[in-house]
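Per chain, numbering begins at 1; letters A, B, ... match sequence-line order.
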There are 2 protein chains.
Amino acid sequence: MPGKGTRVQKKTRGQYHHGNLREALIDAGLKLIARFGVRALTLREIGSQLGVSRMAAYRHFTDKAALLSAIREAGFTLFAEALEDARHKAGKAAAAQLKAMALAYVRFAATHPAYIEVMFSWGEDRSEESRKPNPAGARAFGILEETIRQGQASGEIRAGNSTLLARVVWAQVHGISMLRLATDLSPSGEGQKFVQFSSAILESGLLLNE
Amino acid sequence: MPGKGTRVQKKTRGQYHHGNLREALIDAGLKLIARFGVRALTLREIGSQLGVSRMAAYRHFTDKAALLSAIREAGFTLFAEALEDARHKAGKAAAAQLKAMALAYVRFAATHPAYIEVMFSWGEDRSEESRKPNPAGARAFGILEETIRQGQASGEIRAGNSTLLARVVWAQVHGISMLRLATDLSPSGEGQKFVQFSSAILESGLLLNE
DNA sequence: ACCTGAACACCGTTCAAGT
DNA sequence: ACCTGAACACCGTTCAAGT
């Protein structure tokens, strides 16, 4: 422990986080979860990885649960971006967009299982603020619903409550993800085939018969 | 602490569990989870509720994870029974059976959220024995697949790989359950309607057009 | 097939006192 | 906007020694 309390030491440390310790905590938490699972997420470990005291987190979050909530939010942001990206690359047809988003959804869950676990975890925050409708989560769902609505506007998708229709699709891809029904998502892998298979079944009830 | 070590005391205690402490541990764990969530499941608490030492569990389970695995199994057994029950009460038509089972699935998840959480939890047992295909879980899925197969035999459901078709239905109801898309399951409640709505969409892709 | 009791290495969280 | 350090009430798990 060299030079305790000298200007240089303090400045170096201070500059490392220069005011964004909050983001650093979330990032470190995200990485920790991805590598070792939710159980490994301890305030002590996060602190030691960032080189700050284990109490530093309490400056930015009232609670471990509050930090977890922020991590969940960050996960949903990455998730929404993945979905948006897939949609933009899928051309104009609503069916193609839905199929691409379905694949992106399942792929995200297969690639980042720990994120999904935190994002959609139940218990834990029992009767707390975890009940509040996550903004980034709402955005992710909004992308899906918007696709449905555009498909209805262009005449590809049958009429009906777009929110309910979007939920049907959402439940389908979420179920596939959570049950790990499609894990091999390599090109022409079994997972790809199953996602396409279930998409096709859903489509025949969802699309307009032309 | 009266009469330590007398015959009566020992016999009374010994008879309370009379050899089925293993079941008692699972039952107590199940109740604890249902009432206070997975977090409340501690070996200390289970022990004190059963009036045994907190170390007694180690006579029957190598681990807390092993006890949790047994609890998961018990949950799946209850679950499979609920599905079978719904099917038996639904008449002979495959479509009616599937609909009843879908409702039973979602209802079970809504009524016993903590069971579902344990049964389908990811992380926790990372790379351990939790990967092994749960027998009771397989039974629950088997009921669904059997219904599909009978529907195909009777000409109600279209031909195709029954396992894949069953998985599509399974993913749908599982997704609805996990996303809590149908919580009000009272007669003519919103939840009932949504389950029927999504069933109808799936059916148009699943059933034969007559 | 259990029991007590002590111990170990962890947790989250609070508090007091610093800079 | 951080820090150290001690403390508290919890964990799961191991061990030693009993009945």
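In this structure, A/His174 and A/Tyr105 have perpendicular ring planes: the angle between them is above 60°, well past the 30° mark.
Separating the NE2 atom of A/His60 from the C1' atom of C/dT13 is a distance of 18 Å, rounded to the nearest angstrom. At whole-Å resolution of the value, CD1 in B/Ile46 and P in D/dT13 are 12 Å apart. The interatomic distance linking A/Arg59 (CZ) with D/dA1 (P) rounds to 9 Å, in whole Å. The interatomic distance linking A/Met55 (CE) with D/dC8 (C1') rounds to 13 Å, in whole Å. Rounded to a whole Å, the CZ atom of B/Arg39 is 11 Å from the P atom of D/dC11. Following rounding to the nearest Å, B/Glu45 (CD) and D/dC11 (P) show an atom-to-atom distance of 8 Å.
Nucleotides C/dC10 and D/dA7, compared at atom C1', are 16 Å apart to the nearest Å. Going from the C1' atom of C/dC3 to that of D/dT14 covers 16 Å, rounded to whole Å. Separation of the C1' atoms belonging to C/dA1 and D/dA17 is 16 Å when rounded to the nearest angstrom.
Using a 4.0 Å cut-off, no side-chain N or O of B/Ser53 falls inside it from OP1 or OP2 of C/dC2. The side chain of A/Tyr58 contributes no N or O atom lying less than 4.0 Å from OP1 or OP2 of C/dT14.
In this structure, the side chains of B/Leu181 and A/Val168 stay at 4.5 Å or more apart for every pair of heavy atoms. Within the 4.5 Å cutoff, the side chain of B/Met119 has no heavy atoms near those of the B/Glu73 side chain.
More than 12 heavy-atom neighbours from other residues, nucleotides or ligands sit within 6.0 angstrom of CD on A/Glu23.
Here A/Leu41 lies in heavy-atom contact (under 4.0 Å) with sugar-phosphate atoms only.
Interface remark: the B/Arg54 side chain does not form any donor-acceptor pair with the D/dG12 base, using a distance-only criterion of under 3.5 Å.
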